[in-house]
Amino acid sequence: TGLERGGIAANIYNYGDATVTVAYLEAVPWFLRLYLHTLSIETEALDRKDGNATRSSSMPATSLVSLRHQPAVDRTRPAVLEAVLRVPPHSMAAVTVDFDRAFVKYTEHPPDANRGFDIGPAVLTVLDAAGASPDLARMAREAYPSPPRLWGETLLIALPAPDFSMPYNVVTMTCTVMALFF
């Protein structure tokens with residue numbers, strides 16, 4: 001049906017003049033099985049005039065500082081993917097990972113199963129902006145004691161859904177047959 005595979009992509013933009021260290025956190029429900037070997041982090045330079053991303057061989061790559069992955073347990077806990085990245089100035093880092101959709105029981109579907117499942121947004125935490133002046137860094141720590149967080153958009157994932165009209169069709173057919181012969 002074409003609904004068994006998919007992917008998650010996040011673009012992290014750094015329009016500043018300094019390298020920024022960020023933590024990217026994605027909590028994915030158990031019915032989306034992540035393939036960690038497909039995790040990709042690509043860097044593209046940003047055009048200073050219009051902000052569009054362009055590929056550049058001279059662009060320093062986004063460095064992966066640390067990676068933590070907690071696999072999902074079916075019907076118990078979600079998968080957690082947390083990556084700490086250093087994004088170079090005037091660049092865009094694209095984080096992508098592929099997944100497979102699992103089949104869920106018919107009792108686990110929401111009331112409107114054909115709409116799909118809502119997946120919570122990713123969280124991006126700005127840990128450090130290298131190159132900021134000491135005074136600016138001190139003022140930022142005083143104004144915001146905890147690091148700033150940005151939330152992505154909620155995803156809507158369509159899962160394979162059973163034909164919920166089948167019991168109605170069986171009952172209708174059975175009643176028709178019984179009415180014709182008895």
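Taking 4.5 Å as the limit, some side-chain heavy atom of V126 sits within range of a side-chain heavy atom of V20. A heavy-atom distance below 4.5 Å is not found between the side chains of Y24 and I41. The shortest distance between side-chain heavy atoms of T76 and W30 does not fall below 4.5 Å. Contact of the V84 side chain with the R68 side chain is not registered, since no non-hydrogen atoms from C-beta on lie closer than 4.5 Å. Looking at heavy atoms from C-beta onward, V97 lies out of side-chain contact with S40 at the 4.5 angstrom threshold. Counting heavy atoms from C-beta on, the side chains of L127 and V22 never come closer than 4.5 Å. The side-chain heavy atoms of R101 and L32, taken from C-beta on, include a pair separated by under 4.5 Å. Counting heavy atoms from C-beta on, the side chains of F31 and I119 come closer than 4.5 Å.
Cluster membership for L67 and V87, using ILVMFWY side-chain heavy atoms within less than 4.5 angstrom, is shared. Note: the hydrophobic cluster containing L36 also contains F99 (ILVMFWY, side chain heavy atoms under 4.5 Å, direct or indirect links). Criterion: ILVMFWY side-chain heavy atoms under 4.5 Å apart, direct or through other members. Under it, L150 and L25 are not part of a common hydrophobic cluster.
Taken to the nearest 0.5 Å, the CE atom of M92 stands 4.5 Å off from the CG atom of N11. Atom CG of L159 sits about 5.0 Å away from atom CZ of F117, to the nearest 0.5 Å. Note that the CZ atom of R5 and the CZ atom of R33 stand 12.5 Å from one another [nearest 0.5 Å]. To the nearest 0.5 Å, atoms CD1 (I8) and CG (L81) are separated by 8.5 Å. Atom-to-atom distance recorded for H90:NE2 and N14:CG is 7.5 Å, nearest 0.5 angstrom.
The two atoms that bring P88 and T19 nearest to each other are CA-OG1, 4.0 Å, heavy atoms only. The shortest heavy-atom contact between G16 and P89 is O-CB, 3.4 Å. Taking all atoms of both residues into account, the shortest heavy-atom contact from P29 to P78 is CA-CB, 4.0 Å. Contact record, R75 with V104: NH2-CA, 4.3 Å, taken as the closest heavy-atom pair. Across every non-hydrogen atom of P121 and T154, the tightest pair is CD-OG1, 4.1 Å. Counting all heavy atoms, side chain and backbone alike, T43 lies closest to S91 at CG2-CB, 3.9 Å.
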L85 vs L64, side chain to side chain contact (heavy atoms under 4.5 Å, CB included): CA-CA, chis, key distance, verdict: CA-CA 5 Å; L85 309 167; L64 180 65; 3.5 Å; yes
Derivation of the side chain to side chain contact (heavy atoms under 4.5 Å, CB included) call for L34 and L39: CA-CA 9 Å; L34 294 180; L39 178 67; over 6 Å; no
For residues 170-182, please give each side-chain donor-acceptor pair under 3.5 Å, one per line with the distance, not counting sequence neighbours.
from: T172; atom 1: OG1; to: Y168; atom 2: O; distance (Å): 2.8
from: T174; atom 1: OG1; to: V170; atom 2: O; distance (Å): 2.7
from: T176; atom 1: OG1; to: T172; atom 2: O; distance (Å): 2.8

